[in-house]
Amino acid sequence: MATTSAHATAAAEPHHEPSFVRKYIFSTDHKVIGIQFLFMSLFFLLIGGLLAGVIRWQLGWPTNPDMPLPGGGLLPETMVNQGIVLPEFYNSAVTMHGTIMIFFAIMPLLVGVYANYLIPLQIGAPDMAFPKLNMASFWTAAPAGVIMLAGFFVAGGHSGAGWTQYPPLSANPEFSGVYMGQQLWLISMIVLGFSSLMGAVNYVTTVINMRAPGMTWFRLPLATWALFVTAVLILLAVPVLTGALILLLFDQTIGTTFFSPEYGGEPLLWQHLFWFFGHPEVYILILPAMGFVSEIIAAGSRKPIFGYHAMVLAIIAIAFLGWGVWGHHMFQSGMNPTLGMGFMATTMVIAVPSAIKVFNWLATMWRGDLHFHTPMLHAVAFVGMFVIGGLSGVFVASTPVDIFLHDTYFVVAHIHYVLFGGSLFALYAAITFWYPKMFGRMMNPLLGKLHFWLTVLFFNLTFFPMHNLGIAGMMRRIYDPNQYEFLRPMQELNTMISIAALLLIGTQLIFAFNFFWSLFRGEPAPANPWRANSLEWAAPSPPPHGNFARTPVVYRGPYEYSSPLSVEDYLPQDDPPAEGPEPVPAPATSH
Amino acid sequence: MTMDSADVAVESTHKKPNYMAVFVGLAVLTLVEVGVAFLGLGRVTTILVLVGLAVWKAVLVALYYMHLRFEPPRLIIMVVAPLPLAFILVLAVLTEF
Amino acid sequence: MDHSAAMTLEGGPVEPGMGVPNLKLGMWVFLLSEVMFFTALIGSYIILRAAQPEAFAEPGVVLNVPLTAFNTFLLICSSVTMVKAFAAIEHGDQKGLRLWLLATVAMGACFLGVQAYEYVKLVDHGFVPFAAGYAAEGGALYGATFYTMTGFHGAHVTIGVLALIWITVRAFMGKYTRASHGGVETMGLYWHFVDLVWIILFTIVYLI
Amino acid sequence: MPWLPAQVSTFGGEIDSIFYIILVITGIIFLLVEATLLWFAFRYRHREGRKAEHIHGNWKVEVIWTTIPFIIVIALGAMSFGPWARIKMLGRFPAPGLEIGVMASQFEWMVTYPGADGRLGTDDDFQRRNQVHIPVAQPILVHLSAEDVIHSFFLPHFRVKQDAVPGMDNQVVWFEATEPGEYELACAELCGTGHTRMRGTLVVHSAADFETWYEGATQTAN
Ligand code: HEA
Ligand code: HEA
Ligand code: CUA
Ligand SMILES: [Cu+2]
């Protein structure tokens, strides 16, 4: 093992103890920033989960005075009246559940946390290319979150136009009754876009320019590959959203009419711009997850990842094809149906690289030596559930079938299988996997497994039946399905789903407890608890400022598990080869 | 790790382009553009010619002022990579209207 | 730390990195995202114009083309002075660097001045971004797209001028040398990009 | 478990059969993948003395498992083209037996029927709020529009869904009922606070019934 020395600094500056503020609040250390993002996005995950609770409460017992919303009394009467969720608040709850989960929970968890934390460690760099910019990225995201939350407290309530914000509903307060909330939503998203952008510039530059000697492109761990490609997607997709948001904000505030038809604006233009960003966005939300899962399945199987090059190519193919499919969200929107055909074709094709990834994960497990620790459980469950979400995507990709399934709960089921079954399960895997590295303590494995099994159970009980609701025609974003006769027979199932969902939300408290309890009481973690190969495990847990005592030198790919060359069943990337010429170590510093 | 350390990297020793010549080219092209716009060549021709001239100017700026001509090929590839995306977006949506 | 030291590992030379300094690479990466940002704005304009041709006026009817042609010329001049400043410091010519930078700042500021004058004149003619009170030829979309595109370009110029002032101050403090002038080069990339966007905008918005 | 609502339009059957084909294909893939996953998880779980095999991959199998899904998805796409074109492409619409206008607004459907002259847009047109009446076995052409925000014209039993976009006046939908009866018209696009109650009724009459209703309606309209 290369480095476990106690005081380590590869940075050129003399080491002096920084003040508390510099160390934990305005820190430029990529690890501290990653952890800041972690706490922030877990907080938002909780908020998003609570909003899901509101949604499910209403749908389980619609407008039922005998089942007042627990805690509803704490909310103002413009949201919840005598325990009954009002339709305005329901729309805000759905909108904000989607917005918060996607932009303030999952995206920062995947990218803000792990691109920051992992990239420098996995490529053997002391920090990001632009540490100050990195700090600015977090300190832009945090105010964006505050602005977003502020929307709940202004007169008129928060935006209720769905996370997709289709104008004219979102453009004109006359139609929605929402004034300030809508504007705060837009401003917050613009600010958040800047944060993402600063992050992305940093990640791309860092991966290109700061790799340790020997860390060639095809020796990068798949997590870093995925995060790199994700950063490129963010870089190119987010500015398009920012542009569109600005136009919408002008429509809202100064009376332009880009998207409002009275003066010639085009509502569909928004949808094109939004989904041109939006579809790459959903791959932003899955690619890092796929990267983490690749790391964890390889380490958990004690086997090299099957088809490393194919995996890399698949990541690139998904990212590339992802730009040409946005219209599949607009098949029924009034978009030219011929264009729809083209989008159907590209959408179908994009299933192929995902197939490659799924089969390679399976092949990695084949003839392995599977250790089912908590991260591995989550990673394997990811594969199982991402497949369900992906396959339901194929239904809606078929234009005629989408005529019926569009904007029904079938799509809601699809979303949650890819985003919860996919991204969030991968995140639970990642959090439990890298927790020892981040905090120097192990999470409790028993609680971890309990959380895992209950989550798998309740997750599937909640979301699998939603496919049926959609197939039976239940629309999304409706406050009270019982208004429709053909939906009334489904109330029982809806109630069942709600009970499962509430149990699911409750189960997450086990995770929260485990997370905080282990911070203080967890067993101290060794440098490499999972006996994994990539460079982050060569640094101490937690790694000091500057990460490595000496710039690591990389001799091989990241997945040399059970190699015949080693006695152990793993072979770290920086372990010098037993024989052959001793490579020249890099100069620790050039000036 | 400081950013300045990178500055030390030795500049590649390429021949300096004639910046003034590029400038004159840009100025002349601008004049031609304004002329073409009011020549009354017909809508489609005018648009094609003007777009062609604008792209020509943009390429001049990128190649010489931004030194793209003298950068490593991988940087050039990286830089032109997003352009197809821009085209896909605009062209696909244009078929709509 | 410097990773540029050539290494020989397992036979072949292994040198990660683009061969371009971080700062410059970072600027290029950032400019890629700017391309997509302006794509959203300019693309919207193209699409709206194709969808509602009657909402837009012929070139020269509302907008003052000669004035803006002059402004375009100013920006082109500022690009050449910028690149001259860079060429100067590449040869260690401090005086040249300072003078050319000052010239660039001056012309950038002039560009903004002319744009402000143009806006005032246009608003006087009832060419405003919002639908209420729009009184010029074409329709409200014309004003909205015009001000959004040129406005965001103007914002980029403003940021550029402020950054240039900072660079100029540093130049007068003697912070750039023949060996180390990444700041000037990176600033130049941004400035030329802003010029490049204007070249496209001028053609599409004023001439077509 | 809730399932597809009864199907009463001429093209609904086509949509359903594509749905079932995809269901069978993805169902098989689903079972195979999940079964393999569980089998591997069980078969290769850690046991004392087990060592994983050091296998890096195999390009041959990569090609196989790239090609097969590719062929499947292309087939699914190809299968979907025809029905999509028949249902949504203007040029392929059948000659209408009845043309009506539907204007969506917050939160109602205003249905315009041609008067005695059988043409829309003339003085004798008459309107019904949230009530669509149509004859069975006749292609119906609906001119969709929206007044304020986007709504979506959703007839679950007919497998019809089309957004009504304000400012777009050329939206048309067609369908043909195979069964008389009373069905529901839903709004499928979030359109504001009242989205949930933007419900209409669609009554499919037998040919004779429709004549009677139409007579009556034109009488009261004038
Ligand atoms: C992480 C996020 C994520 C991911 C990865 C995906 C992946 C996919 N999505 Fe999904 N999607 C969303 C998030 C995501 N989606 C969201 C949030 C929405 C709703 C937005 C809204 O309106 O609010 C949405 C909506 C959505 C729609 C619009 C539905 C509608 O509104 O009518 C469509 C339509 O084509 C679609 C398709 C697909 C397809 C084809 C994939 C493919 O990439 C899936 C590929 C994967 C597989 C197919 C499984 C693995 C493969 C195999 C096991 C091999 C064998 C398979 C075959 C041969 C088929 N998605
Ligand atoms: C990643 C994204 C994500 C996640 C995780 C979820 C999670 C859940 N969602 Fe979903 N949902 C969306 C994204 C997501 N959702 C989107 C994009 C939409 C569309 C919005 C729109 O239409 O505009 C949507 C819409 C949506 C609807 C449709 C509403 C409608 O159309 O009317 C429903 C209804 O049941 C629903 C339910 C749920 C439930 C019960 C959960 C549960 O799984 C929630 C479980 C709870 C948690 C995951 C939180 C627990 C976390 C903690 C306790 C953290 C603790 C840790 C520490 C503090 C250390 N969601
Ligand atoms: Cu109208 Cu929803
Ligand atoms: Cu999509």
Side-chain angles (χ1 to χ4, degrees), chain A residues 87-88 162 166 168-169 175-176 261 267 302-304 306-307 310 332-334 337 341 344-345 348 351-352 355-356 359 362 365-371 380 383-384 387 391 394-395 398-401 403-404 406-407 468-469 471-473 475 477-480 483-486 490 562-564, chain D residues 1-5 15 18-19 22 26 29-30 33-34 36-37 40-41 44-46 50-54 56-57 62 65-66 69-70 73 76-77 80-81 83-84 87-89 106 148-150 152 156 159 161-163 165-168 171 184 186 188-193 195-197 199:
Chain A
E88 294 87 330
Y166 283 6
L169 184 61
F175 301 141
S176 60
R302 315 309 299 156
K303 243 190 93 194
F306 196 89
Q332 322 309 332
S333 70
M341 284 191 169
M344 163 163 63
M348 287 289 177
V352 175
I356 298 174
F359 296 139
L362 291 180
M365 290 166 64
W366 172 68
R367 297 197 176 177
D369 171 24
L370 309 188
H371 291 250
V380 171
V383 178
V387 168
L391 292 175
V394 175
F395 286 79
S398 163
T399 43
V401 178
I403 297 177
F404 183 65
H406 173 64
D407 267 342
N468 286 81
L469 294 179
I471 291 170
M475 291 81 75
R477 298 165 168 178
I478 51 173
Y479 164 72
D480 180 4
Q483 298 274 344
Y484 289 91
E485 232 159 84
F486 78 106
M490 281 169 250
S562 305
S563 160
Chain D
M1 279 279 147
W3 202 246
L4 288 168
I15 293 183
I18 300 180
F19 171 81
I22 299 182
T26 54
I29 296 173
F30 166 73
V33 172
E34 304 291 350
T36 314
L37 188 70
F40 285 177
Y44 300 111
R45 70 198 186 283
H46 175 65
R50 170 169 288 156
K51 193 163 184 205
E53 286 185 36
H54 187 70
H56 273 282
E62 301 285 350
W65 67 41
T66 309
F70 187 77
V73 292
L76 291 179
S80 305
F81 278 144
W84 173 253
I87 298 166
K88 290 270 180 169
M89 282 190 176
Q106 285 179 330
D148 34 41
V149 301
I150 302 175
S152 192
R159 315 293 189 258
K161 191 178 286 138
Q162 179 69 53
D163 286 7
V165 185
M168 277 177 80
Q171 290 294 96
E184 284 178 293
E189 182 68 61
L190 178 61
C191 52
T193 322
H195 167 54
T196 185
R197 57 184 159 81
R199 172 179 173 273

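The structure displayed is predicted, hence computed values, not measured ones. By convention in this document, chain letters (A, B, ...) are assigned in the order of the sequence lines, proteins followed by strands, and residues within each chain are numbered from 1.
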Between A/D369 and D/K51, does a side-chain contact (heavy atoms from CB on, under 4.5 Å) hold up when you go through it step by step?
CA-CA 6 Å; A/D369 171 24; D/K51 193 163 184 205; 6.0 Å; no
Is D/E53 close to chain A through its backbone or its side chain, or both, or neither, when contacts mean heavy atoms under 4.5 Å?
both
Neighbour count >12 (heavy atoms, 6.0 Å) for atom CZ, A/F486
yes
Using a 4.5 angstrom heavy-atom cutoff, name the option from A/S176, A/G473, A/G334, A/P87 with the most pairs to chain D.
A/G334
Less than 4.5 Å apart, side chain to side chain, heavy atoms only: is that true for A/M365 and D/Y44?
no
Has the side chain of A/S398 got a donor or acceptor atom that lies under 3.5 Å from a matching backbone atom of D/S80?
no
Non-hydrogen atoms of D/I150 and A/P267 that approach each other most closely:
CD1-CB, 4.3 Å
Would you mind telling me which of A/Y479, A/Y166, A/F395 has the largest number of heavy-atom pairs within less than 4.5 Å of chain D?
A/F395
Non-hydrogen side-chain atoms of A/M475 and D/E189 separated by less than 4.5 Å:
no
Between A/T399, A/V387, A/L391, which residue shows the highest count of heavy-atom pairs closer than 4.5 Å to chain D?
A/T399
According to side chain to side chain donor-acceptor pair (under 3.5 Å), who are the partners of A/S333, at least two apart in sequence or on a separate chain?
none
Quick check on D/I87 against chain A: is it the side chain, the backbone, both or neither that has a heavy atom closer than 4.5 Å?
side chain
Shorter than 4.5 Å, heavy atoms on both sides: which option in A/P261, A/G162, A/P168, A/P400 has the most such pairs with chain D?
A/P400
With chain D, which of A/M490, A/M344, A/M341, A/R302 has the greatest number of heavy-atom pairs at distances under 4.5 Å?
A/M341
Checking D/M168 against chain A: side chain, backbone, both or neither under 4.5 Å from a heavy atom?
side chain
Sub-4.5 Å side-chain heavy-atom contact between D/K88 and A/I403
yes
Backbone of A/Q332 reached by a side-chain donor or acceptor of D/K161 within 3.5 Å
no
